[in-house]
Amino acid sequence: QVQLVESGGGLVQAGGSLRLSCAASGLTFSSYHMGWFRQAPGKEREFVASISRYGSITHYADSVKGRFTISRDNAEKMVYLQMSSARPEDTAVYYCAAGRLIVTEAGKYDYWGQGTQVIVSS
């Protein structure tokens with residue numbers, strides 16, 4: 001069965017950096033676009049970044065553009081989210097997702113991980 005397992009979350013000070021990882025299994029990884037989403041307490045899940053099947057196209061939410069970088073390694077079936085210049089408002093549970101469409105809508109993704117918590121202290 002398909003599994004997406006996120007890791008790398010934790011506590012980081014404002015202005016600091018953190019790299020999230022997502023390990024995929026049970027699917028033909030290069031056939032799927034990948035996305036990162038996040039959900040803060042009391043808020044809806046929101047799009048953070050996406051990357052096309054072979055990494056040639058990326059999209060970012062305006063709130064993270066210039067600070068976060070999404071990348072993937074198809075040979076290792078991994079997708080990453082490099083977070084830099086972290087802000088307290090980046091605090092959330094971060095999820096990776098796999099889908100056949102490279103879109104920002106969470107409902108369009110087929111598979112989800114269980115999430116990893118990121119806390120940015122001020």
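M34 is listed as a side-chain neighbour of L4, based on a closest heavy-atom distance under 4.5 Å. Residues S25 and K77 are not in side-chain contact: their nearest non-hydrogen atoms beyond the backbone lie 4.5 Å or more apart. Using a 4.5 Å heavy-atom threshold, the side chains of S21 and E76 count as separate.
The closest donor-acceptor contact from the side chain of E6 to the backbone of Q114 lies under 3.5 Å. In this structure a side-chain-to-backbone donor-acceptor pair under 3.5 Å is missing from Y111 to C96. Although no hydrogens or angles enter the test, the distance criterion places no donor-acceptor pair under 3.5 Å between the side chain of R45 and the main chain of Y95. Between the side chain of S30 and the main chain of R53, no donor-acceptor pair closer than 3.5 Å is present. Between the side chain of R19 and the main chain of G8, no donor-acceptor pair closer than 3.5 Å is present.
With hydrophobic clusters built from ILVMFWY side chains whose heavy atoms lie under 4.5 angstrom apart, Y109 does not share a cluster with L20. The same ILVMFWY cluster, assembled from side-chain heavy atoms under 4.5 Å apart, contains both V12 and I70.
Counting non-hydrogen atoms of neighbouring residues, nucleotides and ligands closer than 6.0 angstrom, the CD atom of E44 reaches no more than 12 such neighbours.
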Which is it for D90 and R67 under the side chain to side chain contact (heavy atoms under 4.5 Å, CB included) test, yes or no, and what are the steps along the way?
-> CA-CA 11 Å; D90 295 324; R67 300 188 299 119; 2.8 Å; yes

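In this structure, OG1 in T91 is found 9.0 Å from CZ in R38, a value given to the nearest 0.5 Å. Atom CD of Q13 is separated from atom CG of L18 by 12.5 Å, given to the nearest 0.5 angstrom. Of the inter-residue distances, the one linking L11 atom CG with Q117 atom CD reads 10.0 Å to the nearest 0.5 angstrom. Taking CE of M83 as the reference point, atom OG of S17 lies at 9.0 Å (rounded to 0.5 Å).
Between H33 and R100, the shortest heavy-atom distance links the atoms CD2-O, 3.3 Å. Heavy atoms only, all atoms of each residue included: G26 and V2 are closest at O-CG2, 3.4 Å. Across A14 and P88, no two heavy atoms sit closer than the pair CB-CD, 4.2 Å. Counting all heavy atoms, side chain and backbone alike, S56 lies closest to S52 at N-OG, 3.2 Å. Between A106 and W112, the closest heavy-atom pair is O-CZ2, 3.3 Å.
Clustering of Ile, Leu, Val, Met, Phe, Trp and Tyr side chains at separations under 4.5 Å places I102 together with I57.
The ring pair (Phe, Tyr, Trp, His ring centres under 6.0 Å) pairs that include a residue from residues 38-83 are F37-F47, where partners are two or more places apart or lie in different chains.
Partner of W36 under the side chain to side chain contact (heavy atoms under 4.5 Å, CB included) criterion, chosen from V64, V79, I51: V79.
Scanning for salt bridge (charged side-chain N to carboxylate O under 4.0 Å, His left out) contacts around K65 gives D62, with sequence neighbours left out.
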